[in-house]
There are 2 protein chains.
Amino acid sequence: MITSHNGPQPADFTDVRATNLAVVLRFVRENAPCSRADIAASTGLNKATVSSLVADLIDRRLLRETGLTEHRVGRPATMLVLDGSPYAAIGIEVNVDYITAVAVDLKGEELLNWRRSFPGGTSSAGQAVVAMAALARRVVSRMTKEARQVLGLTVAVPGLVDVNGIVRVAPNLGWRDADLAGDLTKALRDPGFPVLVDNDANLAALAEHRFGPHRNAANLVYVTGEVGVGAGIVMDGRLRRGGQGYSGEIGHIELDPAGPTCRCGRRGCLEAVAGIGAILAHTAPDASPSELELEIDEVVRRARNGEQDILALLEDVGRHLGRGMAAVANMLNPEVVILGGYYVPLAPWLVACAEEELYGRVLAPGGGGCRLEVSTLGYGAAALGAAARVLDSVDSGRLPAQR
Amino acid sequence: MITSHNGPQPADFTDVRATNLAVVLRFVRENAPCSRADIAASTGLNKATVSSLVADLIDRRLLRETGLTEHRVGRPATMLVLDGSPYAAIGIEVNVDYITAVAVDLKGEELLNWRRSFPGGTSSAGQAVVAMAALARRVVSRMTKEARQVLGLTVAVPGLVDVNGIVRVAPNLGWRDADLAGDLTKALRDPGFPVLVDNDANLAALAEHRFGPHRNAANLVYVTGEVGVGAGIVMDGRLRRGGQGYSGEIGHIELDPAGPTCRCGRRGCLEAVAGIGAILAHTAPDASPSELELEIDEVVRRARNGEQDILALLEDVGRHLGRGMAAVANMLNPEVVILGGYYVPLAPWLVACAEEELYGRVLAPGGGGCRLEVSTLGYGAAALGAAARVLDSVDSGRLPAQR
DNA sequence: GACATTTGTTTGGCTACAGAACTAACTAAA
DNA sequence: TTTAGTTAGTTCTGTAGCCAAACAAATGTC
């Protein structure tokens, strides 16, 4: 697809073709099943051009004709759908105590979702590469067995990942300057598909942008609710990673110089007053990373029971969260801010207070049209987004070669 | 130019041509004088194609051949430059006590710069339209006298401007929901060029992005230092305005819940602790908007004199500013944050403390490569950016018609 | 069964790119 | 002065891929 940003790049016919192939592919994905005539009418492309593009996409096994339908006057249309069967995109998420791998087809249908426990908190990046490679090989072999071609693999890492895919710092994993993409490619020995690495919040934002209920929003922010608080930023329809890839580090926005000490050493950071740690510091100060989920379940149980101290705690966290989101909304004016991670189970007690603070602080009329929503994609959002990252590159014109 | 965002749009040959014309135009702007051969070598376009594109651009009087130069072996090259003479882009800035109009040619050379006093603080949007139309007509007639075609006019407004160019709120001007673009177009009676309206910080960011010393940065943030503090955000080479156009409202990021009351009613907003008002509250609490410049001069004089209370005040403001910029840098990871407006004369006493806070708080290694710089474009940055907005649309392929 | 309607293909024309051959204009060396 | 070498820019030819219009195919309606 021809892009205008990052410097002027000349265009030629292959760019036109790639752009239009991607246009048709995206249209079918969003409007399947549909006919060639539908595509031509909606996109403005000529019928003949659409036929040629569709033939090309069928050749590449990205589209498939279904049986005719639509009993109206005139010749019945041959309906087209995405061909789910011949391809797969793989997403892997590394975390403190597990590695998740998902594979999806072109439609985004989940083909498999494997979780494997892994002592991320005490393993080196090298050990992680070995574990990921082993898992990836199993996924690839399963996909091959299903006669699927793997289009790519993306790894989601909770940490600072630069634009080249180098993991600069992953505090919870204890990694520094790890070339995960390079090492994993090497470990997979010429895998025949691209291997990418990105930040987990960025990829979760991508998952929301492609699969979430707000997929129409060209401007959205996804906020992770883990021990760390990070954000993935989609503006004007694309992930915006900043100059070096470190955008979205909202966890250490200082909300209160008199607030509690944060693990970064400063006081009153968003993470310290509204992160999951701020809740568990009161309920389970010595919880290990692997116990987080259980502890949060316990908090939910106590909130359901109406325990006053827990409700007050959650209200406080919600207010601070709202203040942080107000900063985000004022700066970026997204259509929607999506709360993910452990914020999801806690949402019933957080969102109302957060919204109140948010709308009270956003300067733009009507809150700038910004809504605060809760992720519906669950804990696997980052892994799903990693797979979505692969599909995105298909959408932007990097189609698999013709048969 | 073919863009991939906001929905898939099909491409055809005219898009290829427009893209390549824009590529050549941009190349010549950035590398003038240069030959056709240079263009071909650097852009990757074929020599023949470049010749055809250049001929087209010369026809449209966007480029011009100069006398030959370059005494090297081989046939001497005919050097090309932007043709400054036949076009003009107009930028207008409305402010509390004046209206500024600038006109620039294609190269960005300033053709005129008129300032006209205007009681913006006490005038309605309607009265402003009348005044702007009168000024614009004079500028247009001057340009016509110079045989220049006006390519467009953009108005910079200090306030919230939505994506359609409606001024939603301009607190210092007292305006609400004013369709400035529509009314000005009407007042100019079929001007034959597009009239746009945007936020002043956005346009100043555009000016920095096109003309400033950091014009190579694809990710930059411009911060206005006026009574209000606002930001213009350029990411991945383009202005990012958010869902409704209200991005960059950083003035009311709450830095300290125990801080001084802000005019928005909350406490400790960036604007309240690091805005120009925070300085003048101590030195000239009753200054009217038109006296701001004088009062700031007075502050500069006293700082130069080494008056301790002023130095301490400025250091305090610098620290708060740095904290605010840390939030910006953490969220957006720009290559550079540029301080504008009244921060410019005060920079010698602000920047060091601000940088210290900034680098101490940015999570990314090496501060994410983010530098804090001072604008060199002066108070006219917004008006210049308004003109740049017009040139931008030429660059993106909307070329004036052939002769 | 003729006709209307809609779908999708075929044909022809056009635009604008790339590559190669060519012409032009100069320097440098014989 | 001639000749070779070098670089600039144009012309010619081929091709990709778009659009428009005509056409073929498949169905419903009268």
Side-chain angles (χ1 to χ4, degrees), chain A residues 1-2 8-24 27-28 31 33-59 63-80 397 399 402, chain B residues 1-2 8-24 27-28 31 33-59 63-80 397 399 402:
Chain A
M1 195 171 293
I2 309 179
Q9 279 166 318
D12 65 2
F13 301 113
T14 57
D15 297 315
V16 173
R17 188 66 172 180
T19 303
N20 290 339
L21 284 169
V23 165
V24 171
F27 184 87
V28 176
N31 299 277
C34 62
S35 68
R36 293 169 173 80
D38 294 337
I39 300 171
S42 297
T43 61
L45 288 161
N46 188 279
K47 279 198 299 173
T49 309
V50 170
S51 275
S52 152
L53 292 164
V54 165
D56 205 345
L57 291 169
I58 289 176
D59 259 8
L63 294 187
R64 191 164 49 81
E65 291 188 341
T66 62
L68 335 173
T69 42
E70 295 270 333
H71 287 280
R72 285 172 293 122
V73 182
R75 172 175 165 178
T78 10
M79 303 308 265
L80 299 164
L399 305 185
Q402 219 136 340
Chain B
M1 197 169 291
I2 310 179
Q9 278 165 320
D12 65 2
F13 302 112
T14 56
D15 297 314
V16 174
R17 188 68 173 179
T19 302
N20 289 339
L21 285 169
V23 165
V24 171
F27 184 87
V28 175
N31 299 278
C34 63
S35 68
R36 291 169 174 82
D38 293 337
I39 300 172
S42 297
T43 61
L45 287 162
N46 188 279
K47 280 198 298 172
T49 308
V50 170
S51 276
S52 152
L53 291 164
V54 165
D56 204 345
L57 291 169
I58 288 176
D59 260 7
L63 294 188
R64 191 163 49 79
E65 291 188 342
T66 61
L68 334 173
T69 42
E70 295 270 333
H71 286 281
R72 285 172 294 121
V73 181
R75 173 176 166 177
T78 14
M79 302 308 265
L80 299 164
L399 306 185
Q402 221 136 341

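The chains referred to below are lettered A, B, ... by the order of the sequence lines, with proteins before strands, and numbering in each begins at 1.
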For the pair made of [atom1] in [X] and [atom2] in [N], what is the distance, rounded to whole Å?
{"X": "A/D12", "N": "C/dA18", "atom1": "CG", "atom2": "P", "answer": "6 Å"}
{"X": "B/M79", "N": "D/dT7", "atom1": "CE", "atom2": "C1'", "answer": "13 Å"}
{"X": "B/N46", "N": "C/dA21", "atom1": "CG", "atom2": "P", "answer": "13 Å"}
{"X": "A/D15", "N": "D/dG17", "atom1": "CG", "atom2": "C1'", "answer": "13 Å"}
{"X": "A/L45", "N": "D/dC19", "atom1": "CG", "atom2": "C1'", "answer": "10 Å"}
{"X": "B/I39", "N": "D/dT10", "atom1": "CD1", "atom2": "P", "answer": "11 Å"}
{"X": "B/R17", "N": "D/dC19", "atom1": "CZ", "atom2": "P", "answer": "18 Å"}

Between A/D38 and A/F13, whichever has its closest DNA chain C nucleotide further toward 5' is A/D38
message = At 4.0 Å (heavy atoms only), tell me whether A/S51 reaches a base, stays on the sugar-phosphate, or touches nothing.
response =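 Contact class for A/S51: base.
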Heavy atoms under 4.0 Å, any strand shown: does A/A48 hit a base, just sugar-phosphate, or nothing?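 Base, at least one base heavy atom under 4.0 Å.
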**Message:** Given C/dC17, D/dC18, D/dA8, identify the nucleotide with an atom nearest to the side chain of B/T49.
**Reply:**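 So the side chain of B/T49 is nearest to C/dC17.
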Q) Where the side chain of B/D56 meets the backbone of B/L53, is there a donor-acceptor pair that is under 3.5 Å apart? A) no
